[in-house]
Structures are given as C-alpha cells and as structure tokens.
Amino acid sequence: MDKRTFVKTSSLLGLGSIMGFPALGKLFDSVAHIPSSELAQHEDFWLAVREGYKLKPEYINLENGYYCIQPQEVLNAFMEHVKEINMQGAYYMRTVQVENKAKMTAKLAELAGCSAGEMIITRNATESLDMVISGQHWNAGDEAVMAQQDYGAMLDMFAQVSQRYGTVNKIISVPNHPQSDDELVKLYSDAITPKTKLLMVCHMINITGQIMPVRKICDMAHAKGVQVMVDGAHAFAHIQFKIPDLHCDYYGCSLHKWLSVPLGAGFLYVKKENISKIWPLFAEGEHKEEDIARLSHTGTTPVHTDLAIANAIDFYNVIGASRKEDRLRYLQNYWTTKVRTLPNIVLNTPEDPTRSCAIANVGVKNMKPGDMADTLLKKYRIYTVAIDGRGVQGCRITPNVYTTTAELDALVKALQEMAG
C-alpha cells in the first residue's frame with residue numbers, strides 16, 4: 001500500500017480521531033494482503049494506529065518496558081468496568097466475580113497456548129514467580145541457579161529463601177553479546193550440580209532486551225532432573241510463542257507490560273504435574289492439591305482490572321501477533337543500526353535481530369547512565385531509564401507500536417551529539 005492509497009483508505013474509515021475496535025479492525029483488514037515484515041515499515045499506517053493512543057506531548061516516551069500505556073479503547077472499557085462494579089458493589093463480588101475471573105483466565109490461557117487448569121491470574125510477575133520460589137519444598141543445601149541479570153525482586157526472594165532454609169544460590173552472568181545458543185546453555189549447565197532443585201531464566205532480559213534460548217535451557221535442565229521457572233515479564237504479547245513449546249515448568253509475567261492491561265494483573269503458569277508441589281502464598285483449604293485454584297487466593301483483588309484483560313487481548317488480536325512483533329523489531333533495528341558503529345557508543349543488546357525485539361540498551365562512553373538519562377530528558381525531551389550495574393551501563397530504550405521513526409530519529413540525533 002503506497003501513501004496515497006493509505007491516506008484515501010484511512011480517510012474513508014474516519015481514522016482522523018481516536019479509533020475504536022471496529023475502525024481498527026477495518027484498518028487492519030485493508031492491509032491484510034501485506035506481509036507483516038513489510039507493513040512494519042509503513043509509517044503512515046502506524047501513524048493511524050497511533051491515533052488510538054492519548055500521549056503526553058511534553059516528551060517522547062521510550063520507556064514502555066516498565067508499563068505500556070493502554071490504547072484509549074482499552075482504557076475506556078476499563079473505566080466502564082470500574083463504574084459497573086462500583087455500582088453493583090457486593091452483589092457483583094458475591095455473584096459473578098469468580099465466574100468472570102474464570103472466563104478471563106480461559107481467554108488468557110488460550111492466548112498462551114496452555115489449559116486454563118494450568119494458569120492463575122495474579123497481580124504481577126513478582127507475585128507469580130516469588131510464589132514459585134518461596135513455595136518450593138526447600139531443604140538445607142538445596143541449590144538454585146539464576147543469573148545476575150535476572151530481575152531484582154526474584155533474586156531478593158531467592159536470597160530470602162537462602163537465609164530461611166539454608167539453600168545455596170548459584171549466580172551466573174549472561175554475556176551481552178553471546179556467540180551462540182550453545183554458549184548460553186553451557187553457562188547454565190555448568191552451574192547445575194546433583195543438589196540443584198530449580199533454575200530460573202529470563203525469556204527476555206529486562207535490562208538489555210536479549211531473548212534467551214529458553215527451550216534449549218529447559219531441555220538441558222530437565223535432562224539433569226532440574227525444574228525451570230521462566231520470567232516472561234517482557235516476552236508475553238511482545239514476541240510470538242506458546243508456553244508449552246518452551247518445555248518449562250513455571251512461567252510468570254506482568255500483563256501491564258506488553259499486553260497493555262491496566263496495572264494490577266499478571267499470570268502464573270504451572271505445568272499440571274507441578275501444581276501440588278507449590279505452597280500457596282496465602283492459605284487456602286477449599287481446593288485439592290492438584291487444583292491450581294489453591295494458588296490463586298490472595299484476598300480481595302481489583303476485579304475490574306481482571307475484566308480489562310479481555311479488552312486488551314481483543315486489541316492485541318486485532319493488531320495481530322506477527323504484525324506487532326515485526327513492527328517492534330523494526331523500530332529497534334531502525335535506530336540501533338544508525339548508532340551501533342558510532343565512536344563512543346556502546347550497544348548492550350545483541351546485533352543478531354533474532355536475539356532481541358523492541359528493547360535495546362545503549363550507553364555513551366565516559367558518561368554515567370544516570371547522567372545520560374537526565375540529559376536525554378532535560379535537553380532532548382526523550383524519556384528513558386538508566387541501567388547501571390550487572391554488566392550493563394546505559395539507557396534502556398523501549399518503543400511501542402505507537403512510536404514513530406521521527407521520534408527515533410530524534411534519539412539518534414541526541415546520541416550522536418552526546419557521543420561527540
């Protein structure tokens with residue numbers, strides 16, 4: 001689709017203002033014949049998608065990794081859920097709360113490719129994964145394997161478990177630029193001993209965006225009798241996969257990231273045969289040990305957020321998994337290829353496009369990450385996050401589907417000037 005054809009089509013669809021699902025669906029139907037890898041480069045098309053978001057004009061938001069804001073259609077639906085539940089009050093909570101949460105879980109499980117009986121809705125990835133870490137039947141001397149680049153909340157929970165039960169944490173370091181999958185698998189394999197009980201691996205490392213060879217690591221660990229827990233906070237609804245294909249035992253994520261659910265929702269996948277092996281976060285006496293519902297009791301929760309999961313999934317499905325992934329990967333490579341070879345610029349994300357997607361990390365030599373982020377915001381009006389530690393010094397750059405190449409050009413120009 002050339003620019004003239006697109007402008008004509010979008011005009012007919014009335015996309016000059018915030019669009020709803022029907023208009024968005026028509027927009028994507030109009031480009032259904034275009035391969036997603038080609039569509040990723042059509043700026044006029046993605047400018048129309050951008051119309052579905054309300055963005056602050058004061059800065060360019062390149063920190064979508066922490067929290068991906070909702071498109072207006074999802075946000076509006078969420079606000080209606082809040083109003084409706086507030087109007088019904090306890091009636092809703094005592095009559096249809098459990099039934100509706102089960103429906104949301106089923107829809108989420110379908111997207112993840114697993115059974116609803118292997119998934120619970122949680123409040124975030126930290127709750128999901130810490131439940132697995134703290135819920136193991138640990139004995140003194142048991143070992144766990146993880147990487148220093150893993151998310152801090154999980155490392156903290158492993159440290160607490162060590163203090164409480166006398167377990168041993170084997171912490172490896174993942175290189176920013178691995179030569180092969182075999183190199184990464186060997187790092188984890190070499191850390192495993194006969195005492196190893198659990199291995200944690202990030203699906204996508206949050207500070208660099210590196211995608212890990214999860215299935216190969218899982219298969220290696222299982223061959224040694226070790227279970228694997230995957231931190232998928234940044235991978236779900238970002239890159240395409242189905243959880244069973246990873247061969248993992250546990251998978252947790254936050255839905256406020258790439259699925260763009262309102263704050264307060266995540267999920268935990270537990271392979272069926274492992275459900276009875278986990279202690280619940282809070283005591284629950286109404287369910288059998290093999291029933292995953294025994295892990296989902298956390299008291300009263302923001303059920304209006306649960307309902308918005310369906311709206312966010314609908315939005316994601318309209319865009320399409322392949323179209324979203326290809327657009328995000330295109331945006332990252334658009335700017336990284338322009339700066340990777342510049343003097344005084346350090347890219348902390350692999351160059352191989354199969355090893356990353358939207359997220360990348362860039363540093364400027366002889367400039368502290370905090371100063372770099374401060375300069376980008378105050379001088380160039382570009383919002384990022386500084387990462388300083390665990391083998392990474394730089395700013396994490398995380399565009400979203402609404403990000404334009406013009407905004408990334410502004411980033412490139414800023415980096416060129418900052419690098420001298």
Side-chain angles (χ1 to χ4, degrees), residues 98-139 142 144-146 154 157 161 188 192 196-203 212-233 235-237 240-255 259 265-298 301 306 309-310 313:
V98 174
E99 177 186 348
N100 283 345
K101 192 159 192 171
K103 290 178 181 177
M104 296 304 104
T105 303
K107 188 159 186 169
L108 196 55
E110 181 181 8
L111 183 61
C114 64
S115 73
E118 296 176 303
M119 176 179 285
I120 58 170
I121 293 174
T122 63
R123 290 172 289 192
N124 47 62
T126 296
E127 179 176 274
S128 299
L129 300 177
D130 280 3
M131 187 186 306
V132 175
I133 298 168
S134 64
Q136 299 283 317
H137 292 258
W138 294 104
N139 295 307
D142 285 344
V145 173
M146 64 213 71
M154 289 82 204
M157 181 56 77
V161 165
Y188 286 90
I192 292 176
T196 305
K197 184 167 187 161
L198 182 66
L199 183 153
M200 176 173 69
V201 61
C202 277
H203 198 165
M212 298 292 285
V214 170
R215 178 164 175 166
K216 293 180 179 179
I217 292 171
C218 288
D219 289 346
M220 173 277 297
H222 289 159
K224 297 188 175 193
V226 176
Q227 291 194 332
V228 181
M229 180 185 77
V230 180
D231 178 354
F236 191 73
Q240 299 172 80
F241 66 94
K242 298 298 181 183
I243 290 178
D245 294 337
L246 300 176
H247 293 180
C248 62
D249 298 283
Y250 313 97
Y251 194 102
C253 80
S254 293
L255 300 177
L259 191 58
F267 75 71
L268 171 64
Y269 159 85
V270 181
K271 196 172 183 180
K272 195 166 188 63
E273 56 262 39
N274 296 324
I275 294 171
S276 62
K277 300 175 184 178
I278 302 298
W279 285 98
L281 184 63
F282 297 139
E284 174 58 84
E286 298 180 2
H287 302 283
K288 296 180 179 179
E289 285 193 349
E290 63 273 14
D291 183 356
I292 198 167
R294 61 188 276 273
L295 303 179
S296 67
H297 172 57
T298 54
T301 58
D306 297 342
I309 292 172
I313 291 175

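Computed from heavy atoms alone, side chains included, the values below leave out hydrogens, waters and symmetry copies.
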Check against side chain to side chain contact (heavy atoms under 4.5 Å, CB included), Glu118 and Ile243: CA-CA 11 Å; Glu118 296 176 303; Ile243 290 178; over 6 Å; no

Could you tell me if the side chain of Thr301 sits less than 4.5 Å from the side chain of Lys101, heavy atoms only? yes

I need the single residue from Met154, Met131, Met157 that forms a side chain to side chain contact (heavy atoms under 4.5 Å, CB included) with Thr126. Which is it? Met154

Could you tell me how the ring of Tyr251 sits relative to the ring of Phe241: parallel (under 30°), tilted (30 to 60°) or perpendicular (over 60°)? tilted

Heavy atoms only: give me the nearest Thr105-Ala116 pair and the separation to one decimal. CG2-O, 4.1 Å

May I ask you to test the Ile121-Ser296 pair for a side-chain heavy-atom distance under 4.5 Å? no

Of all heavy-atom pairs between Met104 and Ala310, which one has the smallest distance, and what is that distance? SD-CB, 3.5 Å

Lys242 side chain vs Leu111 backbone, donor-acceptor pair below 3.5 Å: yes

Begin with the C-alpha distance, continue with both residues' side-chain angles, and end with the deciding distance and a verdict on side chain to side chain contact (heavy atoms under 4.5 Å, CB included) for Cys253 and Phe267. CA-CA 6 Å; Cys253 80; Phe267 75 71; 3.2 Å; yes

Under 4.5 Å between any side-chain heavy atoms of Lys197 and His137, yes or no? yes

When you look at Leu129 and Met229, which way does the side chain to side chain contact (heavy atoms under 4.5 Å, CB included) test go after all the steps? CA-CA 8 Å; Leu129 300 177; Met229 180 185 77; 3.6 Å; yes

Looking at side-chain heavy atoms only, is the closest gap between Asn100 and Asp306 below 4.5 Å? no

Evaluation steps, side chain to side chain donor-acceptor pair (under 3.5 Å), between Lys271 and Asn274: CA-CA 6 Å; Lys271 196 172 183 180; Asn274 296 324; over 6 Å; no

To the nearest 0.5 Å, atom OG of Ser128 lies from atom CD1 of Ile133 at 11.0 Å

Quick one: CD1 on Ile192 to CE on Met220, what's the gap to the nearest 0.5 Å? 4.0 Å

Val228 and Ala221: which non-hydrogen atoms are nearest, and at how many Å? CG2-CB, 3.5 Å

Just verifying a value: how many Å separate Glu110 CD and Met119 CE, rounded to the nearest 0.5 Å? 11.0 Å

Taking atom OH of Tyr250 and atom CG of Leu268, what is their separation to the nearest 0.5 Å? 9.0 Å

Which atom names give the shortest non-hydrogen contact between Ala125 and Ser254, and what distance separates them? N-OG, 2.8 Å

Side chain Arg215, main chain Asp245, donor-acceptor under 3.5 Å: yes

Looking at side-chain heavy atoms only, is the closest gap between Leu259 and Leu108 below 4.5 Å? yes

Are Gln136 and Asp142 packed together at the side-chain level, in the sense that at least one heavy-atom pair is separated by less than 4.5 angstrom? no

If you look at every heavy atom in Pro244 and Gly113, which pair is closest and at what distance? CG-O, 3.1 Å

If you compare all heavy atoms of Val230 against all heavy atoms of Val214, which two are closest, and at what distance to 0.1 Å? CG2-CG1, 3.7 Å

Could you measure the distance from the CD atom of Glu273 to the CG atom of Asp249? Nearest 0.5 Å is fine. 7.5 Å

Taking the side chain as C-beta and beyond, is there a heavy-atom pair between Thr196 and Lys224 under 4.5 Å? no

Could you give the distance from NZ (Lys272) to CG (Asp291), rounded to the nearest 0.5 Å? 8.0 Å

Less than 4.5 Å apart, any side-chain heavy atom of Thr298 and any of Glu127? yes

